[in-house]
Every structure is written in C-alpha cells, then in structure tokens.
Amino acid sequence: MTYIRRHLEERVRMLSQSWPAILVTGPRQSGKTTMLQKLSVEEGRGRGYVSLDDIRERELAKNDPVMFFQIHKPPVLIDEVQYAPELFSYIKIQVDRDHNPGDFWLTGSQVFRLMEGVQESLAGRVAVLPMPPLSQRELVGAECRAFSVDYEALAEQSTAIKPVTVPEMYTRIWNGCMPGFVSGQYADRNIYYSSYISTYIERDVRELSGAVDALKFYRFLTSAAARTANMVNYADIAEDADIDQVTCKSWLNILERLGIVFRLYPYSNNVLKRTVKTPKLYFYDTGLVCYLTRWSSPEVAESGAMSGALLENFAISEIIKSYQNAGLEPFLYYYRDRDAKEIDGIIEADGMLSPLEIKKTAIPDRRLLRAFGVIDRAPMRLGTGAVLCMAEQLGAFDRNNLIIPIWMI
C-alpha cells in the first residue's frame, strides 16, 4: 500500500499550534485516520489512539467519560467520536483548564449529527476540517490550490501538471478516489465497493434511520447514482426503489450527512425570478457511481449514455474538494431557468459570478458561452467564464472566457 500525501496535512499541523482540538470530518474510508496517525508519528508527542468503533471503548466513553480520559490522556486521537457525544463536555473541561494546543485530534463520519454536539459543547474550542476522498491533485502530487478562473494562476499550474487524455480521464473517473482502492491496499474493485456499501454505508444508514431493507436501499443507491449531475427527482428515485418519498428524502439526507453525496443548489436572487429551485445531485466518488450503475470498464463508461454526466460529476466534485482541501468554503452553484437556459457551475467570489460550462470535448465551440449572458441581469458582476473540457492545454476564447482542461482542476 502506498501512502498518498493529503493536502489537509499542513492545515492540521498549523492549526494544532493554536487550537486545542481539531475535528476532521468526512466519509468513512476517506483517509482521515491514516493521515492523522501518520502526522502523530511525525510530531513525536507520543499521541495515543483510540477508536470508538470498538464497542468496549465506546461503552466506556459513553458511561464513564472520566475513566475514559484517565486511560486515554491527551494528546490523543479519538476516532469516530460521534459515537460518544458524552465526551464533548469533558473535552471542554480539559481544554478550558489546560489550554494546550493540539491536545485532541478527533475524527467523525456522521457530519451533521456530530456537529450538533460540537456546537453545543465545543464552540470556539475546536477547528473543524472537512476531508473529502482523494482529489486528482493529490493523486498526481500537485500542490493544494482552490480552483479559480484566474488565467495567470492557471498558466503557472499548467506546466506542473501532466496533461491527461480522454481514456486516462475516464480511468480516473471509473477507479474513483477512495484511498483504500487507488492506493493499492485492495485489489478487487468490485469486492471493495460491495463491501464498502454493506459494511459502512448501509450500516450507518441503519443506525441513523432504523431498520433498512437491504435490497430496497441498494435500489435506492443505484437509482440515485443513475441520476448524478441531474436535478433531484424524489418521486422517480422512490419509485425505482419501491419506497415512499419520505423515506427517499430521509435516506438522501443521511447520505449527505455521511459525505457520500452533496447537493448543488441553484443560484437565484430577486432579479433572476424564473430560476428553478431544485438542487442537483452529485457523488463525491465517481468510482462508486460507476460501480452502482454497472459500467464494467473505463472504456464502457466513456462510450456509455452517462459519459457526460460522469464527467460533470467528476469536475464539480473536484472543484468542491479543491476548496475543502484548502480550508475554504466553496460558494458554488448552478443555474437553470424555466426557459431551459442552464449553466453547469457558477463560482461566487469577490463580488463576481464566474460561470462554468462542462463538456466532453477537446475543441469547445464558442456557442457554449451563450447562456453566460443571463448573469448580466444579476446584481453581481459577471466575472471570467470558462468551459471545462478535455482540451490538451489551457486556452481562451477571449480575455473574459477561458478554455480549461478538466485535468487542471
């Protein structure tokens, strides 16, 4: 197994110099524990480790937090801390008493449930870092940068990243971004994803929502994956899975809590009144999407009916990851109005809106920019636009509209 350096490493080191507690959140198997254990060795403080996946440790943490911290004294790394929210008030006591930076490193995979306890007990005392699965920049060893449409910054990066062909891109999409598989720890992709669904996703959903029919849940997952990069249609997904819409919405909310999916919301304001209100659905890991929708190889995925949706999912998720890895919040939206005008992505930054179109082409047509004009009616200024595509190199239509290869994100 090859360890792949994570972009969050530097932020954990830096924040541990001033914050008494660091909480790294993200989906299971995204590499949170592996990264923190590596950093524990490097820091040389003799940091202890305990996982609350261990039922005995979990029971001790919940029933006798005082004894738990007598055994596991700081500095300590506590894995899957959401299982014992009783610990938070005791961490608060020790933080307020000792004021030691970096005493508590915590991980959690049930994000929203976890944050409720953190906000109640550890507000102002813990630095929270979301950690997604691997980004393509991490996979190729590129430096950490939040994606932007700044031409000078992109031009500087273009020489440091090796261009990728369309077949190579779909190999990345098909392989996915889970460290356990892409690092070589597990060799059989189908067994990896099958086990991941039953061992982690299904189990966590059952814990958060009660009894789960495994067959119906798998149909639900498959139906959601088949609709990636599309507006969420609860009725269609529920019909496919033979469940009601209430259950469908509940399961989708849980998948979002677990860091499996995210919803991209439409940009709207008082001027743009004809915009739709429905969010679009994306998965953090395109490998899981390909597994669920049964694309048997990268070549089949590239030529199949979902090839455009897979590429869009990949590009949007990579933009989100680039911001999370840089410790920034991504203000990313999409646009669609009742006249069917659509923009795949809109980045809001510095008082401007930068529109993005995502297309599976190496030679984009200028007509792809036509929808960008709707932003001129928005209160914010129209910033630099871009077509994200499979071009061989960075280019431009003009000074205000760029051609950006997706492998550069």
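Hydrogens, waters and symmetry mates are skipped; everything else that's a heavy atom, side chains included, is used.
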- Item | Contact check, side chains of Trp251 and Ile243, non-hydrogen atoms, under 4.5 Å | yes
- Query: Which residue pairs pass the salt bridge (Lys or Arg N to Asp or Glu O under 4.0 Å) test when at least one of the two sits in residues 390-405, sequence neighbours left out?
  - Reply: Arg366-Asp398
- Task: Could you check Asp344 against Leu388 for side chain to side chain contact (heavy atoms under 4.5 Å, CB included), going step by step and ending with a plain yes or no?
- Result: CA-CA 10 Å; Asp344 293 329; Leu388 307 181; over 6 Å; no
- Item | Qualifying residues under side-chain contact (heavy atoms from CB on, under 4.5 Å), relative to Pro279, sequence neighbours excluded | Val232, Arg263, Tyr265
- Message: Looking at Gln136 and Ile406, would you say the former's side chain and the latter's main chain have a donor-acceptor pair under 3.5 Å?
- Response: yes
- Note, Ile78 side chain near His72 side chain (heavy atom, < 4.5 Å): no
- Can any side-chain N or O of Asn313 pair as donor or acceptor with the backbone N or O of Phe283 at less than 3.5 Å? yes
- Note: Arg45-Asp103 ion pair, threshold 4.0 Å (strictly below): yes
- Item | Check: Tyr186 ring centroid to Phe181 ring centroid under 6.0 Å | no
- Item | Trace of the side chain to side chain contact (heavy atoms under 4.5 Å, CB included) decision for Ile316 with Phe262 | CA-CA 10 Å; Ile316 292 292; Phe262 63 93; 3.9 Å; yes
- Which salt bridge (Lys or Arg N to Asp or Glu O under 4.0 Å) pairs, counting each pair once, include a residue from residues 121-134, with sequence neighbours left out? Asp96-Arg125
- Item | ring-ring contact (aromatic ring centres under 6.0 Å, His included) partners of residues 136-176, not counting sequence neighbours, each pair once | none
- Message: Is the terminal nitrogen or CZ of Arg28 (NZ for Lys, CZ for Arg) located under 6.0 angstrom from the six-membered ring centre of Tyr200 and within 45° of that ring's axis?
- Response: no
- Item | Cationic N near anionic O, under 4.0 Å, Lys321 to Glu138 | no
- Message: A side-chain contact here means heavy atoms from C-beta on lying under 4.5 Å apart; do Tyr196 and Ile260 qualify?
- Response: yes
- Qualifying salt bridge (Lys or Arg N to Asp or Glu O under 4.0 Å) pairs with a residue from residues 151-179, counting only residues at least two apart or across chains: Arg145-Glu156
- Query: Would Tyr282 and Glu312 count as having a side-chain donor-acceptor pair, cut-off 3.5 Å?
  - Reply: yes
- Task: Please determine if Asp339 and Lys341 form a salt bridge, counting it only when a charged side-chain N lies under 4.0 Å from a carboxylate O.
- Result: no
- Message: With no hydrogens and no angle check, just 3.5 Å: does a side-chain donor-acceptor pair link Glu80 and Gln82?
- Response: yes
- Item | Pairwise side-chain contact, Val95 with Val126, heavy-atom cut-off 4.5 Å (strictly under) | no
- Message: Considering only residues two or more places apart or on different chains, which pairs with a residue in residues 381-403 satisfy ring-ring contact (aromatic ring centres under 6.0 Å, His included)?
- Response: none
- Start with the C-alpha distance between Glu207 and Arg203, add both sets of side-chain angles, then the distance that settles salt bridge (charged side-chain N to carboxylate O under 4.0 Å, His left out), and finish with yes or no. CA-CA 6 Å; Glu207 180 183 320; Arg203 187 185 75 181; 5.6 Å; no
- Query: Do Ser223 side-chain atoms and Arg219 backbone N/O form a donor-acceptor pair below 3.5 Å?
  - Reply: no
- Is any side-chain heavy atom of Trp105 closer than 4.5 Å to a side-chain heavy atom of Pro75? no
- Message: Taking Asp98 first and then Lys73, would you say they form a salt bridge - that is, a charged N and a carboxylate O separated by under 4.0 Å?
- Response: no
- Task: Please name the residue in the list Asp285, Leu292, Thr293 that meets the side chain to side chain contact (heavy atoms under 4.5 Å, CB included) test with Val289.
- Result: Thr293
- Item | Side chains of Gln185 and Ser183, donor plus acceptor under 3.5 Å | no
- Query: Counting distance only, does the side-chain N/O of Lys32 pair as donor-acceptor with the main-chain N or O of Gly26 below 3.5 Å?
  - Reply: yes
- Item | Heavy-atom side-chain proximity of Pro179 to Arg6 below 4.5 angstrom | yes
